[in-house]
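Values reported hereafter were calculated over all heavy atoms of this structure, with side chains retained and with hydrogens, waters and symmetry mates removed.
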Amino acid sequence: MQQTLIELLDARVCAALAAAGCEGAPAVVAPAGRPEFGDYQANGVMGAAKARKMNPRQLAITVLEHLDLAGIASKVEIAGPGFINITLAPAFLASLAGDALAESRLGVPQPVAQRVVVDYSSPNLAKEMHVGHLRSTIIGDALARVLRFLGHEVVAQNHVGDWGTQFGMLTAYLIEAEQGGEAALALNDLEDFYRRAKLRFDEDPAFATRAREYVVKLQGGDAQVNALWRKFLDISLHHCEAVYEKLGVGLRREDVRGESAYNDDLPAVVADLQAKGLAVESEGAQVVFLDEFKNKEGQPQAYIVQKQDGGYLYSTTDLAAVRYRTGKLKADRVLYVVDARQSLHFQQMFTLSRKAGYASAAMSLEHVGFGVMLGDDGKPFKTRSGGTVKLAELLEEAELRAFALVSEKNPDMAEVERHKIARAVGIGAVKYADLSKNRNSDYVFSWDSMLAFEGNTAPYLQYAYTRIAGVFRRAEGWNEQAPIVLMEEAERQLALALARFAEALQAVSRETMPHFLCAYLYELAGQFMRFYEACPVLKSEGALRDSRLRLCRLTADTLHTGLDLLGIDVLEAM
RNA sequence: GCCGCCAUAGUUCAAUGGAUAGAACGGCCGCCUCCUAAGCGGCAGAUACAGGUUCGAUUCCUGUUGGUGGUACCA
């Protein structure tokens with residue numbers, strides 16, 4: 001298939017509209033809103049008729065006369081004010097399923113390949129990863145996986161926070177801890193390490209002075225302090241990598257390009273902005289005023305690129321990063337998977353990047369924002385005592401809870417096996433609960449609903465997969481080349497859902513919305529469950545049995561691939 | 001103050017300007033001598049408010065209310 005189903009139908013309806021005298025009118029094809037409206041509906045006739053002062057019903061009739069869907073649709077009809085409802089032919093859906101089984105990409109067409117930078121996770125290395133880093137990490141990872149599957153070249157960038165005054169304090173404290181012989185122990189818990197360092201900073205003026213000196217030394221390239229800094233970063237990154245490992249996130253060391261990597265370019269960025277007349281001095285700082293960001297009184301919003309004291313800010317670092325991503329990485333598209341609260345910053349940064357020529361008009365800069373994670377009480381997700389929840393501990397709890405549930409369900413299963421299932425189910429549940437929601441809104445974190453094993457959850461999808469795996473464990477001897485024949489409505493609906501995989505992936509890529517893939521997989525799993533109830537597989541015979549087994553095969557492959565793209569593991573049994 | 005985002009069943013979430021607003025959880029009622037009931041089927045239940053644009057508005061525009069975030073030297 002060179003195009004998705006929706007693209008195919010859109011092209012055909014467009015051609016028919018043109019033949020009916022409406023050249024260039026959009027077909028507006030969409031999945032049908034209700035079962036009785038068929039599988040797809042074309043809504044473009046009403047608009048086209050309106051624009052040409054025609055009768056929409058009459059135009060629909062003319063369009064239908066020119067609409068060639070031979071071998072594709074079994075029924076095409078006009079309904080309501082001028083909707084064209086299309087029902088796909090079982091034989092056509094069967095052939096699509098056969099094609100998808102015949103190649104490794106499951107029939108997903110490849111778009112023109114782009115080089116896409118995905119900036120995600122980006123924790124602050126001064127502290128341990130906490131729940132605030134979860135969304136960026138897994139949303140970014142899912143997007144990276146989907147884009148790669150579609151054939152794009154993805155360059156992951158972990159823009160970690162590895163620079164700033166706090167690192168003076170931390171390295172100063174690291175020396176003390178080493179002298180006391182307890183560095184390894186103290187660093188075991190980074191959060192605690194930070195707290196203790198901060199306490200020393202607040203209580204001991206001599207330590208505070210030393211910490212400030214270390215900042216200067218660090219920036220000045222002092223070898224000893226730099227070595228300490230690097231040691232601290234290495235330990236902190238190991239903590240991150242342990243979390244990535246547990247989460248099944250593919251970020252590696254080579255993807256790490258922290259804020260410090262851009263230090264040398266910061267003066268050049270400011271100088272360049274000055275030379276271009278974009279940055280001006282204001283109250284001692286270097287500031288850019290953008291006309292695009294004015295209030296009612298015409299006062300432009302300030303975008304500070306250099307502080308009074310000569311220091312730089314994340315605004316400058318991000319500009320330098322854009323230069324790197326354009327100049328060195330040659331990106332066609334850059335996705336910033338960052339908290340929605342930084343929206344204004346990104347809008348200003350993108351606008352300025354274009355004005356300063358750091359990003360061409362052709363390069364797409366997109367802020368993939370997301371809301372905050374809330375607790376059951378609707379307030380930001382915290383521990384009972386009000387502290388931040390460490391990511392490592394959250395994931396551990398997910399596994400523990402899943403293990404208890406798995407054990408309850410399968411008391412006789414070997415413990416190793418139950419742990420394996422608990423890992424996939426627990427981590428999968430946490431990730432899916434997040435990925436399945438529109439990333440723009442804040443979302444309520446609830447153990448009960450994400451581990452419910454019911455409804456739109458990861459375990460439901462994993463269970464659908466294990467049911468198919470169970471079928472194949474008992475299948476024995478069947479013809480893997482047998483033709484697929486769709487007799488029952490449940491079979492046809494399943495084949496239709498299977499044929500829509502490409503549409504879902506394309507939507508995820510276009511809108512940078514992983515929840516479209518989740519919604520798709522939930523729909524697919526639901527169609528499979530209905531098929532499984534209505535159509536005996538192993539108990540049917542001959543060609544019918546082979547055909548149903550092939551549908552099962554494609555469903556399993558699609559679920560497996562789809563869950564892989566979300567970074568969620570599948571299980572053969574659970 | 002100014003700028004942005006959000007408001008959908010009791011709850012948690014969906015819905016490229018399309019037809020009768022979809023799910024899930026919870027509630028009520030059914031389905032296992034039959035491939036895993038972690039499943040399937042059914043019932044009740046919602047677009048904050050007021051205008052406007054449109055053949056058609058949850059969606060776009062204006063205002064109101066409520067929530068939330070950002071807003072000159074953190075990121």
Can you check the distance between [N] and [M], where both ends of the measurement are the [atom1] atom (answer in whole Å)?
| N | M | atom1 | result |
| --- | --- | --- | --- |
| B:rG67 | B:rU8 | P | 14 Å |
| B:rC13 | B:rG45 | P | 23 Å |
| B:rA50 | B:rA9 | P | 16 Å |
| B:rU12 | B:rA46 | C1' | 14 Å |
| B:rU59 | B:rU16 | P | 12 Å |
| B:rG17 | B:rC28 | P | 39 Å |
| B:rU68 | B:rC43 | P | 39 Å |
| B:rA44 | B:rU11 | C1' | 16 Å |

Short heteroatom pairs, N/O only, protein and nucleotides 71-75 of chain B, under 3.5 Å:
residue: B:rU71; atom: O2'; partner: A:Gln301; partner atom: NE2; Å: 2.9
residue: B:rA72; atom: N6; partner: A:Ser282; partner atom: OG; Å: 3.2
residue: B:rA72; atom: N1; partner: A:Ser282; partner atom: OG; Å: 2.5
residue: B:rC73; atom: O2; partner: A:Gln308; partner atom: N; Å: 2.8
residue: B:rC73; atom: N4; partner: A:Glu283; partner atom: O; Å: 2.8
residue: B:rC73; atom: N4; partner: A:Gln308; partner atom: NE2; Å: 3.1
residue: B:rC74; atom: OP2; partner: A:Lys307; partner atom: NZ; Å: 2.8
residue: B:rA75; atom: OP2; partner: A:Tyr314; partner atom: N; Å: 3.2
residue: B:rA75; atom: O3'; partner: A:Glu259; partner atom: OE2; Å: 2.4
residue: B:rA75; atom: N6; partner: A:Tyr314; partner atom: OH; Å: 2.8

Can you name the atoms? Protein N/O to nucleotides 30-35 of chain B N/O, anything below 3.5 Å, with the distance.
residue: B:rC34; atom: O3'; partner: A:Lys539; partner atom: NZ; Å: 3.0
residue: B:rC34; atom: O2'; partner: A:Lys539; partner atom: NZ; Å: 2.5
residue: B:rC35; atom: O2; partner: A:Leu538; partner atom: N; Å: 3.0
residue: B:rC35; atom: N3; partner: A:Val537; partner atom: N; Å: 3.2
residue: B:rC35; atom: N4; partner: A:Tyr532; partner atom: O; Å: 2.2
residue: B:rC35; atom: N4; partner: A:Cys535; partner atom: O; Å: 3.3

Which is true for [X] with a 4.0 Å heavy-atom rule: it touches a base, it touches only sugar-phosphate, or it touches nothing?
| X | result |
| --- | --- |
| A:Met46 | base |
| A:Val288 | nothing |
| A:Asn85 | base |
| A:Val372 | nothing |
| A:Asn410 | base |
| A:Ala79 | base |
| A:Tyr460 | sugar-phosphate |

Using atom [atom1] of [X] as one end and atom [atom2] of [N] as the other, report the distance to the nearest whole Å.
| X | N | atom1 | atom2 | value |
| --- | --- | --- | --- | --- |
| A:Tyr40 | B:rA19 | OH | P | 17 Å |
| A:Gln527 | B:rG41 | CD | P | 9 Å |
| A:Asp377 | B:rU68 | CG | P | 13 Å |
| A:Leu374 | B:rU68 | CG | P | 11 Å |
| A:Gln41 | B:rG17 | CD | C1' | 12 Å |
| A:Asp448 | B:rA24 | CG | C1' | 14 Å |

I'd like a list of close polar pairs between nucleotides 20-22 of chain B and the protein, N/O only, cut-off under 3.5 Å.
residue: B:rU20; atom: O2'; partner: A:Arg34; partner atom: NH1; Å: 2.6
residue: B:rU20; atom: O2; partner: A:Arg34; partner atom: NH1; Å: 3.4
residue: B:rU20; atom: O2; partner: A:Arg34; partner atom: NH2; Å: 2.8
residue: B:rU20; atom: N3; partner: A:Arg34; partner atom: NH2; Å: 3.0

With distance as the sole criterion, is a donor-acceptor pair present between the side chains of [X] and [Y] under 3.5 Å?
| X | Y | answer |
| --- | --- | --- |
| A:Arg439 | A:Thr512 | yes |
| A:His345 | A:Asp318 | yes |
| A:Tyr432 | A:Asn456 | yes |
| A:Thr87 | A:Asp39 | no |
| A:Arg418 | A:Ser407 | yes |
| A:Arg135 | A:Tyr443 | no |

Q. Where does B:rC32 fall, syn or anti, if syn means a chi angle no more than 90° from 0?
A.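 Here the answer is syn: the torsion falls within 90° of 0.
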
Measure the acute angle between the ring planes of [X] and [Y], then classify it against the limits of 30° and 60° as parallel, tilted or perpendicular.
| X | Y | value |
| --- | --- | --- |
| A:Phe403 | A:His419 | parallel |
| A:Phe445 | A:Trp447 | perpendicular |
| A:Phe232 | A:Phe167 | perpendicular |

**Q.** Side chain A:Gln301, main chain A:Lys294, donor-acceptor under 3.5 Å
**A.** no

Q. Okay, side chain of A:Trp229, backbone of A:Asp162: is any donor-acceptor separation there less than 3.5 Å?
A.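 Yes, A:Trp229 side chain to A:Asp162 backbone: donor-acceptor pair under 3.5 Å.
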
Q) Can you give one letter per nucleotide of nucleotides 8-15 of chain B, 5' to 3': B if a protein heavy atom sits under 4.0 Å from the base, S if only from the sugar-phosphate, - if neither? A) ----SSSS

Do [Y] and [X] meet the salt-bridge criterion of a basic N to acidic O distance under 4.0 Å?
| X | Y | answer |
| --- | --- | --- |
| A:Glu491 | A:Arg548 | yes |
| A:Lys198 | A:Asp202 | yes |
| A:Arg341 | A:Asp339 | yes |
| A:Glu489 | A:Arg492 | yes |

Q.
Can you tell me if A:Glu36 has over 12 outside heavy atoms packed within less than 6.0 Å of its CD?
A. yes

(Q) If you assign each of A:Thr466 and A:Ala30 to its closest nucleotide in RNA chain B, which residue comes earlier from the 5' end? (A)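 Mapping each residue to its closest nucleotide by heavy atoms, the 5'-most match is A:Ala30.
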
Q.
I'd like to check, for A:Phe83, whether its ring lies over the base of B:rG18 with centroids under 5.5 Å apart and a plane angle smaller than 30°.
A.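 The ring of A:Phe83 is not stacked on B:rG18.
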
Q) Got a minute to check which stems RNA chain B is part of, using Watson-Crick or G-U wobble pairs under 3.5 Å, three or more consecutive? A)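 So the stems come out as B:1-7 with B:65-71, B:10-13 with B:22-25, B:27-31 with B:39-43, B:48-52 with B:60-64.
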
Q | Ring-face cation of A:Arg12 near A:Tyr40 (centre distance under 6.0 Å, axis angle within 45°) | A | no

Compute the centroid of each ring, for [X] and then for [Y], and state whether the two points are separated by less than 6.0 Å.
| X | Y | result |
| --- | --- | --- |
| A:Phe516 | A:Tyr520 | no |
| A:Tyr336 | A:Phe346 | yes |
| A:Trp163 | A:Tyr312 | no |
| A:Tyr303 | A:Phe289 | no |

Atom pairs under 3.5 Å, N or O on each side, protein against nucleotides 43-48 of chain B: can you list them with distances?
none

